[in-house]
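Data first, discussion second: the structure below is written as structure tokens.
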Amino acid sequence: MVLKGQRGTAVDQRDEFTRWMDVLLQRAEEAGAEGEVPVAAVILDGQGRAIGHGRNRRQNDRDPLGHAELVALQQAAIVQDDWRFNNCTLIVTLEPCPMCAGALVQARMGTVIFAASDPKRGGLGGSLDLSTHASAHHHMNVIQGVREPEAREQLERWFRRRRRRNR
């Protein structure tokens, strides 16, 4: 697991993040069974309480903004009655895309933790890094690689099945 941010230091794996990622991988599996790309997210407040959760909903809701991170952000903003998330942590099974990464910067998310990196479409280091970009008014801590092998396998398995079905 790697922590990126202003310090750029490595951190030890944290049991709490691992436990949450296990829950999210199950929720992502459920989303995949419903035809969505299997991605799930949760937002924890400063005390570690879940205040928002989401999984991909683009297909089912016919909504281009139906990404797990954005669903979780909307719910958490209602729960905490604020759009600022400086003391919060987002945990997600796949590296946020540029749209979601931009929303996380705008929401001033304190920390983002993700499992699988996305070298083609990742917005927090995969193809570009909006968390450290010069234009960003807020720089969040980013931890990547929590349960990465399991998350990567889940995504690859889902896409293999989808390709077979579409032949």
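Every value quoted in this text rests on a predicted model; they were computed, and no experiment measured them.
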So, using side chain to side chain contact (heavy atoms under 4.5 Å, CB included) as the criterion, who are the partners of Arg161 when residues are at least two apart?
Glu29, Arg157, Arg164
Results of salt bridge (Lys or Arg N to Asp or Glu O under 4.0 Å) for Glu30 - residues two or more places apart only
Arg55
Which pairs pass side chain to side chain donor-acceptor pair (under 3.5 Å) with one or both residues in residues 37-49, sequence neighbours excluded?
Asp45-Arg49, Gln47-Arg49
Side chain to side chain donor-acceptor pair (under 3.5 Å) involving His138 - partner list, sequence neighbours excluded:
none
Let me confirm one number: the CG-OG distance from Asn141 to Ser131, rounded to the nearest 0.5 Å.
9.0 Å
To the nearest 0.5 Å, tell me how far Leu104 CG sits from Cys88 SG.
11.5 Å
Applying side chain to side chain contact (heavy atoms under 4.5 Å, CB included) to Ile51 and Gln75, what does each step give before you reach the verdict?
CA-CA 7 Å; Ile51 59 171; Gln75 189 178 88; over 6 Å; no
Atom CZ of Arg160: over 12 foreign heavy atoms under 6.0 Å:
yes
For Arg27, what residues pass the side chain to side chain donor-acceptor pair (under 3.5 Å) criterion, not counting sequence neighbours?
none
Contact list for residues 87-105, test side chain to side chain donor-acceptor pair (under 3.5 Å), sequence neighbours left out:
none
For residues Leu44 and Val71: do they belong to one hydrophobic cluster (side chain heavy atoms under 4.5 Å, members Ile, Leu, Val, Met, Phe, Trp, Tyr)?
no
Taking all atoms of both residues into account, what is the closest heavy-atom pair of Val39 and Ala68, and its distance?
O-CB, 3.7 Å
Over all heavy atoms of both residues, which pair between Ala115 and Ala151 is shortest? Give the atoms and the distance, please.
CB-CB, 3.4 Å
Could I get the full list of side chain to side chain donor-acceptor pair (under 3.5 Å) partners for Asn86, not counting sequence neighbours?
none
How many angstroms lie between atom CD1 of Ile113 and atom CZ of Arg147, to the nearest 0.5 angstrom?
13.0 Å
Nearest heavy-atom contact between Met109 and Leu90 is SD-N, 3.8 Å
Mind running side chain to side chain contact (heavy atoms under 4.5 Å, CB included) on Gln106 and His137 for me, showing each step along the way?
CA-CA 8 Å; Gln106 292 297 320; His137 64 282; 3.6 Å; yes
Any donor-acceptor pair under 3.5 Å from Asn56 side chain to Val37 backbone
yes
Taking salt bridge (Lys or Arg N to Asp or Glu O under 4.0 Å) as the test, write out the residues that go with Glu148, two or more places apart.
Arg152
Test item: Leu24 and Val92 side chains (from C-beta on) under 4.5 Å apart, heavy atoms
no
Less than 4.5 Å apart, any side-chain heavy atom of Met21 and any of Phe17?
no
Under 3.5 Å donor-acceptor pairs involving side-chain atoms of residues 76-85, not counting sequence neighbours:
residue : atom : partner : partner atom : Å
Gln80   : NE2  : Asp82   : O            : 3.3
Gln80   : NE2  : Arg84   : O            : 2.7
Asp82   : OD1  : Arg84   : N            : 3.4
Asp82   : OD1  : Arg84   : NH1          : 3.0

Got a sec, which residues hit salt bridge (Lys or Arg N to Asp or Glu O under 4.0 Å) with Arg165, two or more places apart in sequence or on another chain?
none
Would you say the side-chain atoms of Ser127 pair up with the backbone N or O of Gly122, donor to acceptor, closer than 3.5 Å?
yes
All pairs passing salt bridge (Lys or Arg N to Asp or Glu O under 4.0 Å) where residues 67-78 contributes a residue, at least two apart:
none
Check salt bridge (Lys or Arg N to Asp or Glu O under 4.0 Å) between Asp63 and all other residues, then give those that pass, not counting sequence neighbours.
none
Could you give the distance from CE (Met140) to CG (Leu124), rounded to the nearest 0.5 Å?
5.5 Å
